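Just so you know, these numbers come straight off a predicted model, no measurement behind them. Atoms within each ligand, like the ligands themselves, are counted from 1 in listed order.
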Amino acid sequence: MSGDWESLRAACEGCQRCELGKTRHKLVFGVGLQTSPVLFVGEGPGQQEDLQGEPFVGAAGQLLDEMLSIVDLGRRNCYIANIVKCRPPGNRDPKPEEQEACVGWLYEQMRLLRPKLVICLGRIAAGVLIEPDYRITRRHGQWVFRDGVWYTSIYHPSALLRDLSRRPETFLDLLAIREKVREVCPEVYDQI
Ligand code: URA
């Protein structure tokens, strides 16, 4: 890990900017290649992530890994983080004030990573990173270009575990993401 990443993680580990800092077991900073131009952003850690300190290690994480493999990606060549870095108790959605308190850490990560593509996993990440009140049912798979970065959203893997009917359209979104990676940052596929 480069010095900047190390000091950012160390600062984040001590964070008490919101109530979630009081109940976390482990802070879930992020995982993956710290030079990757492709960033996936979920909403916040669940129980397994809170215990292990790594994003997407529970059931949703297994599905996310399968989704990444459709895009020819994996934890070795993209970066994965969340809007909030500590687990909301009982797997509730992170509150707006918790999202606001925490998202600065994600912006710091993005400053270091300088992603070219940002894929929001679910409505909450898209509402923060693309547009407030984002309607994922209408807008998943659409691309927005802002400040040199391409943003899109797909259904959150937890939603896809609950609702199988969303999977065919997500498969098409994933194929489109693969095309976009090839177009915008094909070097990603050179990483082993
Ligand atoms: N869901 C998320 O949004 N993030 C995780 O890290 C795990 C589950």
Protein residues that have a heavy atom under 4.0 Å from any atom of ligand 1, sorted by chain and number: G42, E43, G44, E49, P55, F56, N82, H156
Would you call the rings of F145 and W150 parallel, tilted or perpendicular, where under 30° means parallel and over 60° means perpendicular?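 Correct class here is tilted.
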Go through the side-chain N and O atoms of E169 and H140 and say whether any donor and acceptor fall under 3.5 Å apart.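 On atom types as modelled, these side chains qualify, holding a pair under 3.5 Å.
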With a 4.0 Å cut-off on N to O distance, would you call E19 and K22 a salt bridge?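 Here E19 pairs with K22 in a salt bridge, since their nearest N and O are under 4.0 Å apart.
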Looking at K85 and E49, is any side-chain nitrogen of the basic one under 4.0 Å from a carboxylate oxygen of the acidic one?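 K85 and E49: not salt-bridged.
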Taking only distance into account, with no hydrogens and no angle test, what donor-acceptor pairs under 3.5 Å do side-chain atoms of residues 58-67 form with protein atoms, sequence neighbours excluded?
from : atom 1 : to  : atom 2 : distance (Å)
D65  : OD1    : R75 : NE     : 3.1
D65  : OD1    : R75 : NH2    : 3.3

W105 ring centre to R9 NZ or CZ under 6.0 Å, with the angle to the axis within 45°? no
